[in-house]
Amino acid sequence: MLVIFMLLFFFFHMTYAVDTITQFQSLPDNGSTLVSKDGTFELGFFNPGSSSNRYVGIWYKNIPVRTVVWVANRDNPIKDNSSQLIISKEGNLVLLSQNQTLLWSTNSTTEALSPIVQLLDTGNLVLRDEKDNNNETSFLWQSFDHPCDTILPGMKIGWDLKTGLNRRLTAWKNWDDPSSGDFTSSMVLGGNTEMVVWKGSDEYYRTGPMNGLMSSGIFGLKANPLYDYKFVKNEDEVYYIFTLKNSSVISIIVLNQTLYLRQRLIWIPDTRTWRVYQSLPQDSCDIYNTCGPNGNCIISGSPICQCFEGFEPKSPQQWNAIDWTQGCVRSKPWSCGVKNEDGFQRFTGMKVPNTTYSWVNESMTLNECEAKCLENCSCTAYANTDTSGEGSGCSIWFGDLIDLRVSQSGQDLYVRMAVSVTDAKNGHKKKVALVVTFTVLFVLVMLLGFSYRYITKTKYRDETEKTMLTEEKHERGQEDLELPLFDLATIVNATDNFSTDNKLGEGGFGPVYKGTLVDGQEIAVKRLSRSSGQGSEEFKNEVILCAKLQHRNLVKVLGCCIEGDEKMLVYEYMPNRSLDLFLFDSAQSKLLNWSKRFNILNAIARGILYLHQDSRLRIIHRDLKVSNILLDHDMNAKISDFGMARMFGGDQIEGNTKRIVGTYGYMAPEYAIDGLFSIKSDVFSFGVLLLEIVSGKKNRALTYHDDDYNLIGHAWRLWKDGIPEQLIDDCLRDSYILSEVFRCIQIGLLCLQHHPDDRPNMTSVIVMLSSVNALPQPNEPGFLIKKASSEGEHSSSVNGVTISLLNAR
C-alpha cells in the first residue's frame, strides 16, 4: 500500500508540479526540465555554444536566442549526459554523475522535514520546506544568493552582513565556457560603499559612492522609463536591486568578459534580439584612473585629461605624449597647520575620488566637514555624503585623489590647496569681471564700425580647424567626444618625414605610414591626400566615429593631427597588416590554417555586431572588405577604415543615399543599385568576406573555371550540386573540420540572400557560427555575375561594372 501511495504521489507531482522537484523525484539529463509557473524561466541541462560540456542552468523559456542567466556547476562541467539532479537525504539539491560522484550541491546547513526545490517566476531557484508554504521568502537556499554573470530583476547584489554572504558577479570565460572568468564585480564595503568591477586583480571601473540621489559616476541612473533602482544600507545588509516598471519588459544586467563591459540588455520582441540599453564603462574617462593621481578626466576636453587649477603635470614630457599615468601634482605647496596658508577650492559635477582612503561621518554638516579636513594634514579633499536636499554628511579623502572625472550625475568636491592659489583665482575673477565689463562696452562701440558679417567670417577662418572635432554632437544629446591631438612635428619625426621606406600602402583617403613615437610605441598614420576624392568630409566622419568606438575587434585610434592643410589619423600599428596580403598570396595563405581563419571570421562578426548593436550609436560600416581587416601580432582580426561609415541613433537601421561609396564586389544589391543601405547591407559584405576567407579567392576575379561565375555564383553552384568542399582553399588540406567549413559556407550564402529581410542579423550569425543546430537552407543569392550574353538575365550597370541578377525574388 505504501508503495502504491508513493507511486501515486510521484505521478501527481511529475504531472502537475513541473516547477518543483521533491525527495521522491529526480531531474535526469534526458531533456527533462523544470518550468516556472508563468512559463518565463526553464531549468535543465545544456551545452553552451559549440562546447561538448554539459551544465545545469536556468534560461528564458520563451526567448528563441537561448539566454542562460544562471549555471549551477559552472566550474565543474559534466562530460556526458548521464547525470541527474536529486534531493539528497540531508535535504540538499545535488548533481550526481552516473557513478554517484557529487558534482555540485546547494550546501544548505538547515534541515527540512519535507524539502522541495522550486523554480520561481522570478528566475530564482529555491530550496525550501514544503511545510513552510505560508512563508514565500523563507528559503533554505536560493540561486539569487549565488549569482553568476547575470542580475535579474528583484535580485540583490551586495552583502548580507549577518552571514557574511557576498553576492557578486563573475563573468563567463567566453561564449562557450561558463566557468568563472577573471572579470568580476561586487559591492565594496566602507563608509563610502560603491560597486567596483575588476579585470583580474586590477580595478577596472567603479560607479562612485551613492550620494543620496544616485551613484556619482553613472549617468542617468534614476532618469529612465524602464526600471526602478534601490540602494539599501543598514546594519544587516548592503545591496543594490532593480525592479522593472513594466512587467512586459525583459531586461537583465550581464557582466561580459568578451567585451569587458557591464551591460544592461533589453529584449526586443519585434527584432528577436537583445539590445544594449547601457554599458559600463561608458567611455574612456570611466576606465579606472585614466588620468593618474589628481588628474581630472573630461570626456569633452582636449585632451581628455587635465590638471585642476593649482596643479600641474608631474611629468610634462609624458603628459604631452598622452601618457597620463603619473598624473598631476600641486603647483604650489600648502603649509598644513599654518593659519591662512591653506584653503579649499570647489569643483562641481565631479565623480568623487576612489573611496579606499576616505573617512565618513554621516551626521556632520559641510562646514564641520571642512573644519575636520583642516585639522588633519593628510586630508586633501572633502564632500557631502548625501547631496539630496541641502546636502549632509561628510566624506574626507587622504593622499592623492584617484579616478576623478567630470560626470553628469556628479557632485561638489572641495580640494585642498594653497591659499595663494585660491586667492589668486578669486582676484582673477574680479579682474575678469572688470575686464569683461569694459570689453563689452568697447565691443558695442566697435560694432558700430564693423559689419557683423566681417567679424563672423574672421572668427570662422581663425577657428574652423580648431573646432572641427567638437562641432558634432551625439544625436541623443550626450557629451562631445574627441581624440587626443598630436602635433605635426611629432608625426613628422615618427615617420621620418613620411619616408617612402615607412609607407605601408595607399587608398582613396591617402597614404598610410608606419611611425615610431619617442617612447618606442609603433603607430600607423593615415594622411589625408590633398587630391583625395574623399577628403575632409570622410576625415571628419572617421574622427567622430573613432572617438566613440572601443572594441577589441576594431583597430584602436590613438589620436589625430590637424595643422594647416595636414589632416591625419593615428592608429595602433598592426604588424601583420591587412588580411588580403595573406589570403590572396599563394605563399602567405599557407600561414592561415582553418583554425586561424575561423577565429578571424568570429572576430570580424563580433566587431560588426558591436557596430550594429553594442556601440553608443548604430554604425553601418559600408566598406567591409578583406583589405580593411587588419591583423595584429597574434593574427587577431580588427576592422578598420570608418571613412564611409554612417551613424544612426535610436531604432534607425537603414538609410538612403545618392552618393554610393564602398567597393564593388562587396556591395549588397539594394545599395549598389538603389543607394539603400542598412545593417543588412553590412551582413551581405560579411557574406562575401566569409566566402573569400574559406576559398582564398577574390569575389571580383570575375569568372571561375568554365562557369563564368563570380565567387558568389561559383559557391552557389557548388552548394546546389552538393559539392561545396570544392570551394575550400587547397592550401587548407587537412587542417579543417569539414562540417564546420560546410556550416560556414551555408552561413555565407544566408548572408548573401538577395532580399535584406532574408539575411540574418549579426547576432544570429554569431550564434550560428558557435552552435551545431540545424540552419535554414539558403535561396539563390543576389549579385550572381555571368556574361552579359547569357539568356534570361537582367543587367544593371553601376560605374561600368555590369551586375546580373539571376531569378531575383
Side-chain angles (χ1 to χ4, degrees), residues 189-194 206-217 221-222 231 233-235 238 293-296 307-311 328-433:
L189 297 177
N192 278 311
T193 303
E194 59 184 339
R206 64 185 188 91
T207 60
M210 286 297 300
N211 57 21
L213 295 173
M214 59 185 68
S215 184
S216 64
L221 191 61
K222 289 278 188 180
F231 175 74
K233 183 178 181 180
N234 54 45
E235 61 182 13
V238 179
N294 306 309
N296 185 21
C307 294
F308 288 128
E309 288 184 64
F311 287 77
C328 305
V329 294
R330 298 176 189 278
S331 53
K332 288 187 178 182
W334 43 266
S335 300
C336 181
V338 179
K339 189 176 181 180
N340 299 326
E341 286 295 322
D342 59 345
F344 295 92
Q345 184 168 326
R346 185 182 72 169
F347 296 93
T348 60
M350 297 297 301
K351 175 184 178 180
V352 297
N354 183 299
T355 59
T356 303
Y357 300 105
S358 65
W359 174 89
V360 172
N361 184 309
E362 295 182 355
S363 62
M364 278 187 174
T365 65
L366 194 61
N367 289 335
E368 291 171 335
C369 192
E370 178 181 3
K372 185 71 174 178
C373 188
L374 280 171
E375 291 173 2
N376 192 318
C377 291
S378 299
C379 178
T380 50
Y382 71 92
N384 276 134
T385 56
D386 189 337
T387 60
S388 59
E390 296 180 359
S392 62
C394 172
S395 294
I396 64 175
W397 283 265
F398 307 97
D400 287 330
L401 306 177
I402 304 297
D403 194 36
L404 292 165
R405 73 159 297 166
V406 172
S407 169
Q408 286 180 349
S409 55
Q411 64 184 85
D412 290 347
L413 177 69
Y414 298 83
V415 179
R416 193 172 191 167
M417 57 187 62
V419 167
S420 57
V421 175
T422 58
D423 286 347
K425 184 179 181 185
N426 292 333
H428 178 68
K429 285 183 177 178
K430 294 178 181 178
K431 291 179 181 178
V432 168

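Values below: every heavy atom of this structure, side chains too, minus hydrogens, waters and symmetry copies. Worth saying up front: this structure is predicted, and the values here are computed from it rather than measured.
- Looking at P353 and I402, their side chains never come closer than 4.5 Å, going by heavy atoms from C-beta outward.
- Between R416 atom CZ and L401 atom CG the span is 12.0 Å, to the nearest 0.5 Å.
- Of the inter-residue distances, the one linking L413 atom CG with F347 atom CZ reads 8.0 Å to the nearest 0.5 angstrom.
- Between T193 and V238, the closest heavy-atom pair is CG2-CG1, 3.7 Å.
- A donor-acceptor contact shorter than 3.5 Å links the side chain of Q411 to the backbone of N384.
- Within a 6.0 Å radius of CD in E362, no more than 12 heavy atoms belonging to other residues, nucleotides or ligands are found.
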Side chain to side chain donor-acceptor pair (under 3.5 Å) between E194 and T355, intermediate numbers included: CA-CA 8 Å; E194 59 184 339; T355 59; 2.9 Å; yes

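- A pairwise comparison of heavy atoms in A383 and L366 identifies C-CD1, 4.4 Å as the closest pair.
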So V415 and F344, side-chain contact (heavy atoms from CB on, under 4.5 Å) or not? Walk me through it. CA-CA 5 Å; V415 179; F344 295 92; over 6 Å; no

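- At most 12 non-hydrogen atoms from other residues, nucleotides or ligands lie less than 6.0 angstrom from OH of Y357.
- Listed by chain and residue number, Y382 satisfy the ring-ring contact (aromatic ring centres under 6.0 Å, His included) test with Y414 (two or more places apart in sequence, or in another chain).
- Residues C328 and G295 share a closest heavy-atom pair of SG-CA, 3.9 Å.
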Quick one: side chains of residues 372-381, donor-acceptor pairs under 3.5 Å with protein atoms, not counting sequence neighbours, listed by atom name and distance.
{"from": "N376", "atom 1": "OD1", "to": "S378", "atom 2": "N", "distance (Å)": "2.8"}
{"from": "T380", "atom 1": "OG1", "to": "W397", "atom 2": "O", "distance (Å)": "3.3"}
{"from": "T380", "atom 1": "OG1", "to": "G399", "atom 2": "O", "distance (Å)": "2.7"}

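- Between the E370 side chain and the N367 main chain, no donor and acceptor come within less than 3.5 Å of each other.
- Between the side chains of T348 and D412, no donor-acceptor pair is found at a separation under 3.5 Å.
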Check the pair N354 / D403 against side chain to side chain donor-acceptor pair (under 3.5 Å), numbers first and verdict last. CA-CA 6 Å; N354 183 299; D403 194 36; over 6 Å; no

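- Counting only heavy atoms from C-beta outward, the side chains of K332 and M417 never approach each other to under 4.5 Å.
- Formation of a donor-acceptor pair under 3.5 Å by the S331 side chain with backbone atoms of G310 is found in this model.
- The closest side-chain donor-acceptor pair between S363 and N361 falls under 3.5 angstrom.
- The distance from atom CD1 of I396 to atom OG of S358, rounded to the nearest 0.5 Å, is 8.5 Å.
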I would like to know whether N296 and M350 meet side-chain contact (heavy atoms from CB on, under 4.5 Å); could you show each step before the answer? CA-CA 9 Å; N296 185 21; M350 297 297 301; 3.3 Å; yes

